[in-house]
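This report refers to the structure that appears directly beneath it.
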Amino acid sequence: MTTAAVNQRVWTVEELHRRLLARERFQLIDLRAPEEYAAWRIETPTPGTSTNVAMTAILETGGRDDPRAALRLWAGQRLPENLDRTAPVALVCAKGVTSSLAAEVLRDSGWEAYGLQGGMSAWAAHYHFCPIVESDTLSLYQCQRPARGCLGYVIAAQGEAIVVDPLRHMAPYLRFLESRSLRAAVIVDTHGHADHLSGGRMLAQATGAPYFLHPYDAIHPVDVLSGDLPFEYLREGQTLRCGDVRIEVLHVPGHTLGNLSLLVDGRYLLSGDSIFIASIARPDLGGHPESWAELHYRSLRRLLALPDETIVLPGHFSAFSESDGAGAFARALGELRQTNAGLRMAAGDLPAFVDYIRRTLPPAMPAYVEIKRVNAGLIAADPDQADTLETGRNVCALAHG
């Protein structure tokens with residue numbers, strides 16, 4: 001079968017990601033079990049166009065011995081009532097096999113339907129490097145992992161690279177660095193992550209680059225145990241250099257005690273987990289929401305003192321609608337002063353801010369304590385355990401409002 005023929009029948013994860021960033025209208029049918037869909041799903045640009053129809057339920061009503069016959073019966077009599085024939089339908093399952101068969105049956109019934117190649121497994125491992133700026137003196141790339149809503153960065157100049165908040169899978173970074181003929185000079189984690197497994201130490205080992213972290217975040221905040229991981233200290237006021245580009249280290253505790261932001265070339269703020277596009281970071285994952293909220297308040301006010309034209313590049317996003325026209329998650333600080341509810345609260349008084357934090361905290365994920373243990377080097381996780389720990393999107397931000 002030719003590549004063109006395949007492309008008529010499936011969407012790759014790259015194609016799906018492009019459509020999500022472009023906010024194209026399509027409908028999605030997720031064929032996994034309801035509990036899997038509830039825990040983690042692909043969010044479509046248009047509300048109400050993602051539907052869960054478990055394949056097990058289709059087989060129960062149409063006969064387990066002939067999946068194709070069961071799907072034909074479903075396509076003819078039991079499709080979700082809100083499906084619109086004028087919009088494409090993407091079908092998703094765990095590995096991409098069942099969804100491809102279901103898409104084929106829907107096409108036979110006259111629908112424009114596509115399976116997701118590789119299913120949710122491929123979506124979980126998809127990375128995209130989006131250029132923020134590319135010039136003779138500085139290149140800056142945003143590494144997007146859409147399945148988790150996680151963002152990392154590569155700062156590049158004169159053949160050197162500083163990799164910031166590398167995500168779990170190492171291979172995409174190594175391929176990207178090789179494709180740009182870049183040598184990894186420094187690896188940085190802006191904080192001890194709770195929502196995803198850091199690739200920082202593995203990438204440092206693979207490239208020979210030193211791994212930097214604030215020393216406060218080498219201690220597990222719940223266990224109060226010092227982590228077992230080699231790292232270089234990164235503190236307030238230090239300066240990193242990538243070629244001739246100067247990167248200023250800002251200690252902005254709140255989300256964690258060692259939380260850092262990096263100011264690149266005086267213009268680009270890699271905010272880590274402090275300022276996001278639509279919200280701000282939560283300060284409760286160490287178990288001290290009241291005292292850390294005050295730290296968070298003071299850190300945010302410090303960042304708010306930066307010039308309006310500073311471009312904020314966050315560590316996470318909550319929805320694809322937060323991307324800009326170029327597909328990047330980036331905003332000028334002056335704009336965020338007006339649109340970001342958390343920043344508006346941080347511009348006010350401390351008691352109101354702490355009350356706002358208290359009202360908008362989402363539930364914490366139990367896996368986050370374990371992820372922090374892995375990232376601190378206290379325990380190890382094999383690939384299956386890592387997949388389980390990273391199920392679902394991050395909830396490092398406050399609820400909007």
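- A heavy-atom distance below 4.5 Å is not found between the side chains of Leu257 and Pro221.
- Between Phe176 and Tyr141, a ring centre-to-centre spacing shorter than 6.0 Å is recorded.
- To the nearest 0.5 Å, atom CZ of residue Phe329 and atom OG of residue Ser321 are 8.5 Å apart.
- Among all heavy-atom pairs drawn from Ala102 and Leu91, the shortest one is CB-CD2, 3.8 Å.
- In terms of heavy atoms, Val186 sits closest to Val188 at CG1-CG2, 3.6 Å.
- When atom types are taken as modelled, the side chain of Arg25 and the backbone of Thr49 share no donor-acceptor pair closer than 3.5 angstrom.
- Electrostatic pairing of Glu160 and Arg241 does not count as a salt bridge here, judged by no charged N lying under 4.0 Å from a carboxylate O.
- When atom types are taken as modelled, the side chain of Ser139 and the backbone of Glu134 share no donor-acceptor pair closer than 3.5 angstrom.
- Below 30°, between 30° and 60°, or above 60°: for Tyr114 and Trp11 the angle between ring planes is below 30°, a parallel geometry.
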The test is side-chain contact (heavy atoms from CB on, under 4.5 Å); show your working for Thr44 and Gln27 and say whether it passes. CA-CA 7 Å; Thr44 52; Gln27 304 161 104; over 6 Å; no
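- At a threshold of 4.5 Å between non-hydrogen side-chain atoms, the residues Leu83 and Ile29 count as touching.
- With a 4.5 Å cut-off on side-chain heavy atoms, Leu138 and Val264 count as touching.
- Using a 4.5 Å cut-off on side-chain heavy atoms (C-beta onward), Glu290 and Arg358 make contact.
- Using a 4.0 Å cut-off between charged nitrogen and carboxylate oxygen, Arg19 and Glu15 count as a salt-bridge pair.
- No more than 12 heavy atoms of other residues, nucleotides or ligands shown are found within 6.0 angstrom of CG on Asp136.
- Between the side chains of Asn259 and His214, no donor-acceptor pair is found at a separation under 3.5 Å.
- Proximity of Thr137 to Asp244: side-chain heavy atoms (C-beta onward) are nowhere separated by under 4.5 Å.
- To the nearest 0.5 Å, atoms CZ (Arg85) and CD (Glu112) are separated by 12.0 Å.
- A donor atom on one side chain and an acceptor atom on the other are not found under 3.5 Å apart for Asp273 and His193.
- His288 and Trp292 have tilted rings, their planes meeting at an angle from 30° to 60° on a 0 to 90° scale.
- The 12-atom threshold is exceeded at CG of Asn82, counting heavy atoms of other residues, nucleotides or ligands nearer than 6.0 Å.
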Take Ile371 and Asp195 through the test side-chain contact (heavy atoms from CB on, under 4.5 Å) and record every step on the way to the result. CA-CA 7 Å; Ile371 290 174; Asp195 68 292; 5.7 Å; no
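- Closest heavy-atom contact between Phe276 and Cys396: CE1-O, 3.8 Å.
- When atom types are taken as modelled, the side chain of Gln117 and the backbone of Val10 share no donor-acceptor pair closer than 3.5 angstrom.
- In this structure a side-chain-to-backbone donor-acceptor pair under 3.5 Å is present from Asp324 to Gly327.
- Note on ring orientation: taking the six-membered ring where Trp is involved, the planes of Tyr356 and Phe353 are tilted (angle from 30° to 60°).
- With contacts defined as side-chain heavy-atom distances shorter than 4.5 Å, the pair Leu16/Val92 does not qualify.
- Side-chain atoms of Arg72 never come within 3.5 Å of backbone atoms of Ala70 as a donor-acceptor pair (strictly under, hydrogens ignored).
- Within the 4.5 Å cutoff, the side chain of Val249 has no heavy atoms near those of the Arg235 side chain.
- Taking OG1 of Thr310 as the reference point, atom CG of Leu303 lies at 9.5 Å (rounded to 0.5 Å).
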Please assess Tyr37 against Ser50 for the test side-chain contact (heavy atoms from CB on, under 4.5 Å), listing each intermediate value before the final yes or no. CA-CA 10 Å; Tyr37 178 78; Ser50 175; 2.8 Å; yes
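- Of the possible donor and acceptor atoms, one in the side chain of Arg301 sits under 3.5 Å from a partner among the backbone N and O of Gly348.
- More than 12 heavy atoms of other residues, nucleotides or ligands shown are found within 6.0 angstrom of CD on Glu35.
- Using a 4.0 Å cut-off between charged nitrogen and carboxylate oxygen, Arg168 and Asp387 count as a salt-bridge pair.
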Let's go through Arg373 and Glu370 carefully: what are the C-alpha distance in whole Å and the side-chain angles of both, what is the deciding distance for salt bridge (charged side-chain N to carboxylate O under 4.0 Å, His left out) to 0.1 Å, and is it a yes or a no? CA-CA 5 Å; Arg373 289 184 179 125; Glu370 202 76 354; 2.8 Å; yes
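- Classification of Glu104 and Arg107 as a salt-bridged pair fails, no side-chain N sitting under 4.0 Å from a carboxylate O.
- The distance between the ring centers of Tyr173 and Phe129 falls below 6.0 angstrom.
- Arg246 places no side-chain N or O within donor-acceptor distance of the main-chain N or O of Thr239, the cut-off being under 3.5 Å.
- Contact check for Leu300 versus Met345: no side-chain heavy atoms found under the 4.5 Å cut-off.
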Apply the test side-chain contact (heavy atoms from CB on, under 4.5 Å) to residues Val133 and Asp265: give CA-CA distance (whole Å), side-chain angles for both, the deciding distance (0.1 Å), then the verdict. CA-CA 12 Å; Val133 60; Asp265 202 27; over 6 Å; no
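- Scanning both residues, Asp217 and Gly192, for their nearest heavy atoms gives OD2-N, 2.8 Å.
- Considering all non-hydrogen atoms of both residues, Ala33 and Ala54 come closest at CA-CB, 4.4 Å.
- Here the straight-line distance linking atom CE of Met55 with atom CG of Asp30 works out to 13.0 Å at 0.5 Å rounding.
- Under the 3.5 Å distance criterion, with hydrogens and angles disregarded, a donor-acceptor pair is assigned to the side chains of Tyr211 and Asp189.
- Between the Asn375 side chain and the Leu197 main chain, no donor and acceptor come within less than 3.5 Å of each other.
- The distance from the CG atom of Leu260 to the CG atom of Leu213 is 7.5 Å, given to the nearest 0.5 Å.
- Interatomic distance, CG of Leu167 versus CG of Leu151, reported as 8.0 Å (0.5 Å rounding).
- Although no hydrogens or angles enter the test, the distance criterion places a donor-acceptor pair under 3.5 Å between the side chain of Arg282 and the main chain of Pro362.
- Closest non-hydrogen pair, Val53 versus Pro80, comes out as CG2-CG, 3.9 Å.
- A side-chain donor from one of Asp165 and Thr190 sits under 3.5 Å from a side-chain acceptor of the other.
- A donor-acceptor contact shorter than 3.5 Å links the side chain of Arg344 to the backbone of Gln338.
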